Amino acid sequence: MAEKRWIPETLFDDLGFRMTFEVERVLYEMQTEHQHLVLFEQRHFGKILMLDGATQVTTADEFIYHEMMTHVPILAHGKAEEVLIVGGGDCGIAEEVLKHKTVKRLTQVEIDASVVEFSKEHFPEFTGPVLKDKRFDLIIDDGIKYVKQTDRRFDVIIVDSTDPQGPGIVLFSPEFYTGCKRCMKKGGVMVTQNGVPFYQPEELTKSINKFRKLWNDGFCYVAAIPTYVGGHLAMGWATDNKKMRQTPVKTIAQRYAKAGKFKTKYWSPEVHAAAFALPRFIAEHVAMAKG
Ligand code: SAM
């Protein structure tokens with residue numbers, strides 16, 4: 001019997017720590033123009049996509065991140081019509097955004113066409129509904145270039161990026177956030193994938209510093225995602241409307257009912273509000289951000 005292959009998550013090598021998955025079957029592996037991509041089957045987590053050694057999405061727990069990165073900003077905003085996703089190649093985020101009938105157009109700017117291409121075959125549960133939705137507009141480009149030059153304006157910007165390595169580094173830069181501010185409509189909000197504070201606390205403080213230089217309110221909210229190992233994942237929050245993240249549960253629930261009360265497995269109006277109540281050690285990293 002051939003030796004089972006094990007694939008490690010190498011994102012935390014600088015901490016001397018790896019999480020490793022025993023592989024049932026590799027479905028796709030290539031060095032794209034931008035990054036190393038491997039998609040494999042794992043007996044507990046289903047399909048796992050890794051880019052440059054960092055777990056991106058698993059079919060077992062994708063719903064947590066995809067629901068929290070979309071329903072929170074869209075229902076907190078309340079009147080989102082134009083939404084931008086930067087990154088998001090697997091289309092899991094896009095699938096959740098398009099459940100909101102108020103959204104008139106969803107623009108997605110993804111740098112690596114290969115990620116979208118193989119997601120068509122391997123994540124049809126995401127790409128199926130998305131690619132046939134007339135509101136969806138996919139652009140293959142570097143997100144930092146796009147936000148600097150687009151003439152479109154957005155109510156919600158979702159930065160579903162990889163970690164600050166490889167092509168994703170630029171999506172954590174002041175230049176990128178300045179571009180996001182430029183193409184954000186008045187009263188808009190940006191959310192970002194901002195890493196696991198237990199392992200990457202300085203990344204969170206630095207990001208919030210950059211947000212506060214451009215917006216009145218730079219903050220974060222959290223969710224526990226099993227395969228983004230290390231406890232809470234922080235999702236960055238940037239808007240000029242300081243009240244937006246304190247939208248009452250009742251208002252969120254009313255908006256959710258109006259949006260069609262689609263099925264969710266993690267997000268709820270109560271979980272939405274609670275996500276901004278930060279554990280002390282995370283709140284301290286946010287408080288260190290001066291802006
Ligand atoms: N949910 C995942 C996470 O939290 O790490 C992210 C999922 S998605 C696969 C990340 C996407 O960002 C990838 O498809 C990658 O190609 C894309 N990406 C990385 N750098 C980018 C850039 N500069 N512009 C646009 N897309 C980028």
Side-chain angles (χ1 to χ4, degrees), residues 9-12 19 28 30-39 45 47-70 84-97 107-120 122-123 126-127 130 137-150 157-173 175-177 179-180 183 191-197 199-200 203-204 207 220-230 232-236 266:
E9 156 128 356
T10 55
L11 190 62
F12 301 112
M19 173 172 76
Y28 200 94
M30 68 182 288
Q31 183 61 38
T32 78
E33 189 197 338
H34 299 281
Q35 51 210 337
H36 176 260
L37 179 159
V38 60
L39 179 78
F45 292 103
K47 286 184 187 173
I48 299 183
L49 167 65
M50 267 199 188
L51 292 175
D52 285 344
T55 308
Q56 301 296 311
V57 61
T58 89
T59 40
D61 69 357
E62 56 76 23
F63 63 92
I64 306 173
Y65 174 79
H66 290 148
E67 289 179 13
M68 290 303 281
M69 280 284 279
T70 53
L84 169 65
I85 297 171
V86 178
D90 47 71
C91 293
I93 292 279
E95 195 235 345
E96 290 298 334
V97 170
T107 305
Q108 176 160 329
V109 182
E110 163 58 55
I111 197 167
D112 195 336
S114 323
V115 184
V116 182
E117 275 323 299
F118 92 76
S119 296
K120 286 179 190 165
H122 295 288
F123 291 118
F126 305 152
T127 52
V130 167
D137 183 16
L138 176 65
I139 296 165
I140 299 300
D141 196 0
D142 187 335
I144 193 166
K145 255 176 58 201
Y146 181 82
V147 292
K148 282 201 278 193
Q149 65 196 24
T150 179
I157 299 177
I158 299 171
V159 187
D160 179 25
S161 70
T162 40
D163 290 87
Q165 60 179 10
I169 289 183
V170 293
L171 303 184
F172 291 79
S173 68
E175 201 190 345
F176 172 67
Y177 295 137
C180 291
C183 62
V191 296
T192 65
Q193 185 280 103
N194 235 105
V196 173
Y199 296 137
Q200 304 152 297
E203 184 185 307
L204 179 63
S207 291
C220 73
Y221 59 107
V222 292
I225 301 169
T227 49
Y228 294 162
V229 67
H232 307 78
L233 176 84
M235 288 157 280
Y266 185 93

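Counting convention: from 1, in listed order, for ligands and their atoms alike. What you see is a predicted model; the values in this text were computed from it and never measured.
Looking only at distances, no side-chain donor or acceptor of Asp163 sits under 3.5 Å from a matching main-chain atom of Gln165. Proximity of a side-chain donor or acceptor of Gln56 to a complementary backbone N or O of Leu49 within less than 3.5 Å is not detected. Checked by atom type and distance alone, the side chain of Asp112 never pairs as donor or acceptor with a backbone atom of Gly89 at under 3.5 Å.
Protein residues having at least one heavy atom under 4.0 Å from any atom of ligand 1 are Gln35, Leu51, Gln56, Tyr65, Gly87, Gly88, Gly89, Asp90, Val109, Glu110, Ile111, Asp112, Val115, Asp141, Asp142, Gly143, Asp160, Ser161, Thr162, Pro167, Gly168, Val170, Leu171, Gln193, Tyr228, listed by chain and number.
Between Phe176 and Val170 the shortest side-chain heavy-atom distance does not fall below 4.5 Å.
Atom CD of Gln31 sits in a crowded spot, with more than 12 heavy atoms from other residues, nucleotides or ligands closer than 6.0 Å.
Listed by chain and number, the residues in a side-chain hydrogen bond (donor to acceptor under 3.5 Å, both in side chains) with Thr162 amount to none (sequence neighbours excluded).
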